[in-house]
J.: 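I have a structure I would like to understand better, so I am pasting it below and will then ask my questions one at a time.
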Amino acid sequence: MQILKNASWIENAKDYGTVCPTFRKKFAIKEEIKSAKLVITALGVYEAAINGEKIGEFVFAPGWTSYDKRLQVQEYDVTKMINSENEICVSVGNGWCVGRLAWADRWGLWSKEKALIAELEINYSDGCTEFISTDETWETAKSAVQFSEIYDGETYDSRVVPGDWEKSAVKAHSKDVLIPQEGEIIKEQEILSAVKLIKTPKGENVIDFGQNLTGYLQFTVGGKTGDTVEISHAEILDYDGNFYTENLRSAKQKISYICNGDFATYKPHFSFQGFRYVRLDKWPTDINLNDFKAIVVHSDMKRTGSFECSNPLVNQLYRNVIWGQKGNFLDVPTDCPQRDERLGWTGDAQAFIRTATYNFDVEKFFVKWLHDLKAEQHEDGGIPHVIPDPLRDGGNSSGWADASVICPWQIYLTYGNKVLLAEQYESMQKWVEYMRGRGKVEELWNNDWHFGDWLNLDNPDVSETPEYKHLIGSAFYANSTSLLIKAGKVLGKDMSEYENLYKRIVKAFQEEFIKDGAMVYQTQTAHVLTLHFGLADNKEKIAADLVKLIVANKNHLATGFLGTPYLLHVLTDNGYSEVAYSLMLQEEFPSWLFPVRMGATTIWERWNGLNEEGLIHDPGMNSYNHYAYGACADWMYGVMAGIQIDEAKPAFSHIIFKPITDARIDYVKASIATKHGLVASQWKRNGDKIDYKFEVPQGCSATVIIDGETHEIGAGIHETHN
Ligand code: BGC
C-alpha cells in the first residue's frame, strides 16, 4: 500500500533564498480522541512541532538514504500533544538532499527545492478517523533559520517570528520512493561540558571540550537586540596553539546567531560539526564556560562492547575507536564528520565493520545502508565509491566496492541475520560477476584503476603502481568469491560453479604473485592479504617474510586502509603473537599508539596526521576523526580477550574463547552484549600463573583454547588457571 496516499508534496510558493521555510496547519478537534499519529517525511531535513512542542527525538530526520530510490517516512505517536485548538509547524532545511555535498560545487543532488509531505491521523473515541494531510491549505512563512547547510553551519535570527503566512504550493515529487523508517533514528546522545577557556597566542577565545566529537554546540546568551554571536569549530589547535581550520577544506562549520534581547538557549537545527574546540569569533557578553555545552549526536545504536587492559595507552586507543564510531555513524558510515566530505565511503565501512559490530549494535544501521548500496548498484554490478552516491562518477575500486560482500557477511556472522544475506545475495553475486568480467583473464582482476592500499607507508614505487594494485584487486576478488560461496551455502544454494572458480582464482593468484615461494611485491599488505584470504600454500614462509619486513621496519607497520584491519590477525594466526603485540604496543610513529601519545581522542585518517614535533600534515586530506584504522579493536576483543565468532554457529551461539597473552600486559577484560546475552572474557596475571574467566550466555556453548589446549564449556561463568 502506498504510504501517504492522500497527502501532497508541498513547497513554499515564493523563493525564500537561503531562508528555511516553516509550514503550518491550524486545526481543532471535534471531540475526545483515542489516538493521533503523524506520518511525515521531507526532501531536506525537518523539525516538526505541535503547539510549540518538538515531536520525537529524531534529529536530521528523515536521515540520509539514496533519496531518488528510497526515502524513509517517520511515524510519531502524538496523542498526548493534541489540545482542542492546535497548530502543527514543520521547518525544513537543506540537509543532504537539497544542500551542498562533497568537495566540488554540488548542490541539490536529489532535489532542487525543499519539500514536505505529512498526514496527521486522528482517531476519535467514537470510532471515527480524520486525516489532516499536507495540501495547499497548509501555510508557509520564512523561519528564523536564515541559512543552514550540513557542512557550513547555520545562521539564526532569533528576532524573526514567522509571519506573512501564505499558501503552500503543491508539487509533484514522487511518492513511489517512500518507505517506512528502516534504520536507527539519529539522536542527541550525550552532553559534554566545556573543559577550559584558552586564550591562544593570536588572542582568540577558544573553548576546549576535551574530546573530538560530532554534533553541535549549545549555548545560552543574553545579548541586546541585534547583537551577534559568531562561532567557529575545529578539531585541533596548530603547533603554536592557535585555532586550526585548514583541514576542513571548504566546510565552514560556522554558527551565527542574532540576539533578540532575551536570554535564550540555542543549538543548530539542520547542521552538525566535527569539533573539539570552538572559537568565539563574536560573543556579546562575558564568557562563562557553563553557558556552553557540546551535544554529541549519532545514530541511536546500543553500545554492546567493552574492553580494558593493563596498558593505559591501549585503553585510550580503544576509547578513541569508540569515539571514532560515535562520530561517524550518523545515519551512514561516513569517512569523517568535519571536512567537505562526510560521505558513506564503502572502503572505510568494510575495513571497520567487524569492530563496529562488536562496539555497538549496528544491525539495523547496516541493513538500511546495505539496502541503499543495493539500490545504487549499477546495472553491470559495479558499486559506487560512496553510498548514498552524490559523487556519481563511477566507483568499482577493489577493496571499496567489496563492502557489498564483506558487510552483509559480517552482519550475518555477528547477528545471525540470514534475511539480509538473502536480500543482498544477488547484489553480492553481481559484484563478484563484475570483477570476473573485468580482468584480462577470468581468474584475476589484473585490470582497471583502484585506490589500492590507501594511505599506506610502504615504498610508493611499489605500492602505487597499477601492477601492485592488481594484486590487491585479485586478492579481494578471491575473498569476495569465497564469502559469496559461504553466503550461498548458508542460503542452501548450489555453489559448485563458484567453488570451481575460486580454486582457479587461487591457482592463478599464486602463479602471478608468488614466485619461488616469495611474494612478488615486498610490501606488508601484499603478505597480509595473501595470508588472511588464504591464498598461499606456503603460509609459514610468507608469514616469516612478513615478520622480516616488520622487523626491518623496526617493528613498525606500513599498511594502509586495506592491509591494516588484518595485520595483527595474520600475525597471531601464524604464530607471531609477540610481533603482533609489539605492533600494538609500539608508541613511535607509525603506530596506533603514536596518535594517542600525541593527545588524540579519536582515530586519525593518517598515521602521520601530526609528526613527532606536533607539526600538522598537509591540510588537503587530513582528518582527525576517521575510524578506518580503528579496525584494530576487533583484534583486542578477538585475540587479547580472545572472544571469537564460530562461523558455523554465528551470532555467538557457539563462542570460541582463544585469548593470547603477552608478558607486557598484566590483565585484559572484555565483553560483548550479543543477541543471546553477555559474552565476557578476562585474564589476569597471578604470580607466574594466569587466571582466566569466561562468561557464556544461556542456551549457548563455547570452546576454550588456551596455549593449544581445548575444552568445551556450557552456559554460565567459568574460571580456570594456567
Ligand atoms: C576519504 C577516504 C576514502 C578515500 C578513498 C577519502 O577522501 O576520506 O576515507 O576511503 O577518499 O580512497
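Just so you know, ligand 1 is whichever comes first in the structure, and atom 1 is the first atom listed for that ligand. Residues: numbered from 1 along the sequence shown.
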J.: Determine, for Phe272 and Arg342, whether the Lys NZ or Arg CZ falls below 6.0 Å from the six-membered ring centre while staying within 45 degrees of the axis.
T.: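 Because its charged atom sits under 6.0 Å from the ring centre and within 45° of the axis, Arg342 does stack over Phe272.
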J.: Using the test ring-ring contact (aromatic ring centres under 6.0 Å, His included), find all partners of Trp607 that sit at least two apart in sequence or belong to another chain.
T.: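 So Trp607 forms a ring-ring contact (aromatic ring centres under 6.0 Å, His included) with Trp592, Tyr629.
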J.: Just say parallel, tilted or perpendicular for the rings of Phe329 and Phe365, cut-offs at 30° and 60°.
T.: parallel
J.: Are Trp345 and Phe451 an aromatic pair, judged by ring center distance below 6.0 Å?
T.: yes
J.: Taking the inter-plane angle between the rings of Trp431 and Tyr434 on a 0 to 90° scale, is it parallel (under 30°), tilted (30 to 60°) or perpendicular (over 60°)?
T.: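 Answer is parallel, since the angle falls under 30°.
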J.: Given Pro337, which partner from the list Val297, Asn625, Leu213 fulfils the side chain to side chain contact (heavy atoms under 4.5 Å, CB included) test?
T.: Asn625
J.: Would you please write out the protein residues whose heavy atoms approach any atom of ligand 1 to under 4.0 angstrom, listed by chain and number?
T.: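 Contacting ligand 1 under 4.0 Å are Asp335, Arg339, Glu341, Trp345, Asp348, Trp400, Phe451, Trp454, Phe561, Glu605, Met621, His626.
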